[in-house]
Structure formats: C-alpha cells, structure tokens
Amino acid sequence: MKEALRYLAGIRGPSGYGSKSTAEQVTQDCSCLISSHLTAIVTGATSGIGAETARVLAKRGVRVIIPARDLKKAAETRERIQKESPEAEILVLEIDLSSFASVKRFCSQFLSLGLPLNILMKSLCSNNAGKFSQKLEFSEDKIEMTFATNYLGHFLLTEMLLERMIETAARTGIEGRIINLSSVIHGWITRDSFCFTKMLNPNKYNGTRAYAQSKLAIILHAKEMARQLKARNARVSINAVHPGIVKTGIIRDHKGFITDSLFFLASKLLKTTSQGASTTCYVALSPQTEGVSGKYFADCNESNCSGLASDESEAHKLCKQSRALIHRRLRQSILA
C-alpha cells in the first residue's frame with residue numbers, strides 16, 4: 001500500500017527521483033559519464049519507450065545503434081532524433097529478435113564496424129515488452145514467439161556482444177552497462193508453473209502468462225550474468241528494470257481487451273512515455289548506479305522482485321538451458 005501511494009504521489013526515493021521523473025530529468029547530470037562519447041545499442045527503438053530512450057541518449061551525446069526489423073520505421077526514428085539533435089550519430093542495422101540466425105547476423109555486422117560498446121539496452125519495445133501475442137505462434141526456430149523474442153533473442157544478443165563490452169570497459173576505464181527491460185508482471189509466475197520446456201512449447205497457451213514468464217526469465221538472466229561477470233572481474237554491470245505501466249502500443253493492440261472508457265480512467269494512473277523511459281536512462285547513465293549489478297529497479301530506485309526472480313539456482317539453471325538450446329538450434333541450422 002505504501003509503495004502504491006508513493007507511486008501515485010510521485011514521491012522521490014533515495015536516488016532523488018520517482019515515478020513522475022522523466023528521462024531528460026534523470027540524465028541532466030550525467031556529463032561525467034558521456035564525455036568519452038559512449039556507444040549504445042537500443043532494441044525496440046522505433047517507437048514508445050525505446051524511441052524515447054534513444055532520443056534522450058542521443059541528446060546526451062551517446063552514439064546510438066538501432067537494431068530493427070522494420071528499417072523504414074528505424075530510419076524515420078533516426079530522422080526525428082537528428083532533427084532535434086543534428087550532431088547525433090545514429091546507425092540503423094537490421095535484426096529480427098525472434099530469429100537466432102538474424103541475431104547472429106546483426107552481431108557479426110555490428111562487430112565488423114569496429115565500434116566500442118558501452119551500453120546494451122534490451123527489449124525496449126513499443127509495448128513495454130517486445131512481443132505480446134494472444135494466440136500461440138512459433139518462431140522460425142520452432143520456439144513459442146513471446147519467449148523467443150522477449151528473452152531468448154536478447155539472451156543470444158548478450159552472449160555475442162559481451163566480449164566487446166568487456167574489452168571496451170577495460171580499454172576505456174568506463175563501466176559497461178546492460179539493462180534488461182522486465183515488468184512487475186513477472187511476480188505473477190509461480191515456481192511450479194515455471195518450466196523451460198513448456199515455455200518453448202506450451203501445452204495450454206495463455207498470452208499473459210507467456211509474457212510474464214519471459215519477463216521473469218529476463219530478471220533471472222540479469223541475476224546470473226551479474227554473478228558471472230563478477231567472477232570474471234569484468235567491469236560490466238547488468239540490471240533489470242520495470243518501466244511502469246505506460247500508454248504504448250500494447251494498449252492499442254488490445255482494444256477488445258481494454259475498452260476506451262476503461263483506458264480513460266486507467267490513463268490517470270499510467271506513465272507518459274518519457275516517464276516510462278526514465279528508469280532505463282537512469283540505470284544506463286547515472287553515476288549513482290556505478291558498480292551496481294544484479295539488481296531490479298522501478299521508478300529510478302532499487303526495488304524488490306519476486307522470490308522466484310531472486311533464486312540463484314533457478315537463474316543458473318535457466319542460463320545453462322538457454323545457452324544449450326541456442327547452440328543446438330544454431331548447429332542444426334548449419335547442418336540443415
């Protein structure tokens with residue numbers, strides 16, 4: 001109850017920011033981090049939270065790479081950003097995050113550019129989530145589409161770009177930061193319903209459950225990767241973020257599910273896109289998050305995730321299963 005009142009009132013937390021803070025506000029004092037011209041990859045940057053994140057990062061002097069399936073929309077996003085910030089450096093590269101082969105091609109193309117990589121923002125899509133399908137669909141790798149897009153595609157993205165981030169941090173002395181966009185809905189998933197094989201190919205499909213499972217997996221990934229990075233003494237942090245409930249594409253895509261009248265009432269409690277992007281930008285650039293890793297943030301402050309999301313053994317097991325599955329599917333595609 002206390003947290004709900006804090007959210008509604010916009011009361012600031014220990015960071016000095018709260019639910020009403022915007023992405024521009026939380027990055028105003030980050031000049032010490034961006035003086036070396038950082039490079040960021042921002043997935044889902046063609047609209048919604050992702051587009052706002054890319055805009056604010058570019059405004060602060062960060063070179064932004066936009067991976068996108070729709071290159072036309074990505075080019076339009078680049079034009080909008082450069083109209084506001086003419087000096088901004090924005091690169092657009094093609095990717096389909098539901099396809100392991102496409103993710104692999106994107107990473108090879110990016111790495112061939114020889115650019116540094118300081119920030120990796122994952123699953124920043126127009127609906128707060130990436131993919132949220134109400135019907136059962138499968139990716140080209142024969143994996144349930146929500147899990148493939150929201151979690152496994154981003155898992156592979158991290159695997160293939162991690163060494164470049166570690167190298168960049170070691171060479172520049174600037175901490176690399178990975179931000180996983182999750183959701184408070186991860187807490188809806190119970191331990192007995194969290195099964196890797198069923199997430200790949202569910203017996204009974206429910207879109208909301210599939211979405212929540214992918215968001216839980218994203219936090220577990222952050223927890224396990226933080227442990228592994230610490231063991232390597234790598235100067236790269238990884239954290240999970242809940243952006244809040246934002247008026248974005250997920251609302252427009254489900255008008256039969258949320259009526260206009262209900263949305264009008266609910267919208268009084270929803271964040272603006274800029275408020276929704278504030279926590280991701282805060283974790284990516286703020287000096288206050290230097291050295292902080294394996295945490296869950298909401299409203300620009302550290303917060304508590306579910307007990308299952310904090311389970312180290314579950315995080316380790318999920319990471320091991322994910323890595324084995326992806327390697328197996330990529331090997332099969334080569335042999336096919």
K.L.:
Between K73 and E76 (salt bridge meaning N to carboxylate O under 4.0 Å), is one present in this structure?
P.N.:
no

K.L.:
Is a donor on one side and an acceptor on the other found under 3.5 Å between the side chain of T289 and the backbone of V292?
P.N.:
no

K.L.:
Without swapping roles, check the side chain of H186 against the backbone of S183 for a donor-acceptor pair under 3.5 Å.
P.N.:
yes

K.L.:
Assess the side chains of T77 and R80: does a donor N or O sit below 3.5 Å from an acceptor N or O?
P.N.:
yes

K.L.:
Does R55 reach the main-chain N or O of I81 with its side chain, forming a donor-acceptor pair under 3.5 Å?
P.N.:
no

K.L.:
Given 3.5 Å as the limit, does a donor-acceptor pair link the side chain of T22 with the main chain of Q25, or not?
P.N.:
yes

K.L.:
Please confirm whether the backbone N or O of D96 pairs with a side-chain atom of S102, one donor and one acceptor, at under 3.5 Å?
P.N.:
yes

K.L.:
When you look at K271 and I245, which way does the side-chain contact (heavy atoms from CB on, under 4.5 Å) test go after all the steps?
P.N.:
CA-CA 6 Å; K271 287 187 176 184; I245 310 301; over 6 Å; no

K.L.:
A side-chain contact here means heavy atoms from C-beta on lying under 4.5 Å apart; do F138 and I143 qualify?
P.N.:
no

K.L.:
Can you list the residues that meet the side-chain hydrogen bond (donor to acceptor under 3.5 Å, both in side chains) rule with T168, with sequence neighbours excluded?
P.N.:
none

K.L.:
Evaluate the side-chain proximity of V64 to L91: yes if any heavy-atom separation is below 4.5 Å, no if none is.
P.N.:
no

K.L.:
Report the C-alpha separation of F194 and L318 in whole Å, then their side-chain angles, then the decisive distance to 0.1 Å, and conclude whether the side-chain contact (heavy atoms from CB on, under 4.5 Å) test is met.
P.N.:
CA-CA 10 Å; F194 192 65; L318 178 65; 4.2 Å; yes

K.L.:
Before giving the answer on side chain to side chain donor-acceptor pair (under 3.5 Å), spell out for T158 and K122 the whole-Å C-alpha distance, their side-chain angles and the decisive distance to 0.1 Å.
P.N.:
CA-CA 9 Å; T158 306; K122 302 179 298 171; 2.7 Å; yes

K.L.:
For L111 versus M160, what's the shortest heavy-atom pair and its separation?
P.N.:
CD1-O, 3.8 Å

K.L.:
Do F155 and H221 have ring centres separated by under 6.0 Å?
P.N.:
yes

K.L.:
Any salt bridge (Lys or Arg N to Asp or Glu O under 4.0 Å) involving residues 189-201? Give me the pairs, sequence neighbours left out, ordered by first then second residue.
P.N.:
R191-D311, R191-E314

K.L.:
Tell me, do P243 and L181 make a side-chain contact under 4.5 Å, heavy atoms counted?
P.N.:
yes

K.L.:
Knowing that exactly one of I179, N180, I218 qualifies, which makes a side-chain contact (heavy atoms from CB on, under 4.5 Å) with V241?
P.N.:
I179

K.L.:
Quick one: are L162 and I166 in side-chain contact, heavy atoms under 4.5 Å?
P.N.:
yes

K.L.:
Between D299 and S19, is there a side-chain donor-acceptor contact under 3.5 Å, judged purely by atom types and distance?
P.N.:
no

K.L.:
Kindly indicate, with the supporting measurements, whether the criterion salt bridge (Lys or Arg N to Asp or Glu O under 4.0 Å) is fulfilled by K59 and E84.
P.N.:
CA-CA 8 Å; K59 186 172 183 176; E84 178 185 358; 3.7 Å; yes

K.L.:
Measure from the side-chain N and O atoms of S85 to the backbone N and O of E87, and report whether any donor-acceptor pair falls under 3.5 Å.
P.N.:
no

K.L.:
If only side-chain N and O atoms count, and only distance matters, is there a donor-acceptor pair under 3.5 Å linking E144 with T146?
P.N.:
yes

K.L.:
Could you tell me which residues satisfy side chain to side chain contact (heavy atoms under 4.5 Å, CB included) with Q109, sequence neighbours excluded, listed by chain and number?
P.N.:
L93

K.L.:
Please check if the side chain of R105 supplies one atom and the backbone of E94 the other of a donor-acceptor pair under 3.5 Å.
P.N.:
no

K.L.:
Do E140 and S99 have a side chain donor and acceptor closer than 3.5 Å?
P.N.:
yes

K.L.:
Restricting to side chain to side chain contact (heavy atoms under 4.5 Å, CB included), what partner residues turn up for Q213, sequence neighbours left out?
P.N.:
I189, M199, R209

K.L.:
What is the minimum heavy-atom distance between S274 and E52, and which atoms define it?
P.N.:
OG-OE2, 3.3 Å

K.L.:
T27 and R60: side-chain donor and acceptor closer than 3.5 Å?
P.N.:
yes

K.L.:
Let's go through V42 and I119 carefully: what are the C-alpha distance in whole Å and the side-chain angles of both, what is the deciding distance for side-chain contact (heavy atoms from CB on, under 4.5 Å) to 0.1 Å, and is it a yes or a no?
P.N.:
CA-CA 8 Å; V42 183; I119 300 168; over 6 Å; no

K.L.:
Indicate whether the side chain of Q28 and that of E24 have a donor and an acceptor atom separated by less than 3.5 Å.
P.N.:
no

K.L.:
Any sub-3.5 Å donor-acceptor pair from S182's side-chain atoms to H242's backbone N or O?
P.N.:
no

K.L.:
I'd like to know whether CD of E163 has more than 12 heavy-atom contacts from other residues, nucleotides or ligands below 6.0 angstrom.
P.N.:
yes

K.L.:
Just jot down the side-chain hydrogen bond (donor to acceptor under 3.5 Å, both in side chains) partners of N301, sequence neighbours excluded, or say none.
P.N.:
S15

K.L.:
Roughly how far apart are Y296 OH and S306 OG, rounded to 0.5 Å?
P.N.:
8.5 Å

K.L.:
Indicate yes or no for a side-chain donor-acceptor contact from T279 to the backbone of C300 under 3.5 Å, with no hydrogens or angles considered.
P.N.:
yes

K.L.:
Holding to side-chain hydrogen bond (donor to acceptor under 3.5 Å, both in side chains), I want the full list of residues that pass it with S193, two or more places apart in sequence or in another chain.
P.N.:
T190

K.L.:
Using 0.5 Å steps for rounding, measure from the OG atom of S322 to the CD atom of E224.
P.N.:
10.5 Å

K.L.:
Just checking, is any N or O donor in the side chain of S21 or Y282 under 3.5 Å from an acceptor N or O on the other one?
P.N.:
no

K.L.:
Parallel under 30°, tilted from 30 to 60°, perpendicular over 60°: which one fits the rings of F110 and F106?
P.N.:
parallel

K.L.:
Are T46 and D70 packed together at the side-chain level, in the sense that at least one heavy-atom pair is separated by less than 4.5 angstrom?
P.N.:
no

K.L.:
Ion pair present between R323 and E159, side-chain N to carboxylate O less than 4.0 angstrom?
P.N.:
yes

K.L.:
Assess whether salt bridge (Lys or Arg N to Asp or Glu O under 4.0 Å) is satisfied between E290 and R235, documenting all intermediate values.
P.N.:
CA-CA 10 Å; E290 175 84 19; R235 197 173 179 186; 3.1 Å; yes

K.L.:
Checking side-chain polar atoms at under 3.5 Å, does H154 have a donor or acceptor matched by the opposite partner on T43?
P.N.:
yes

K.L.:
When you measure from the side chain of N118 to the backbone N and O of T39, does any donor-acceptor pair fall under 3.5 Å?
P.N.:
yes

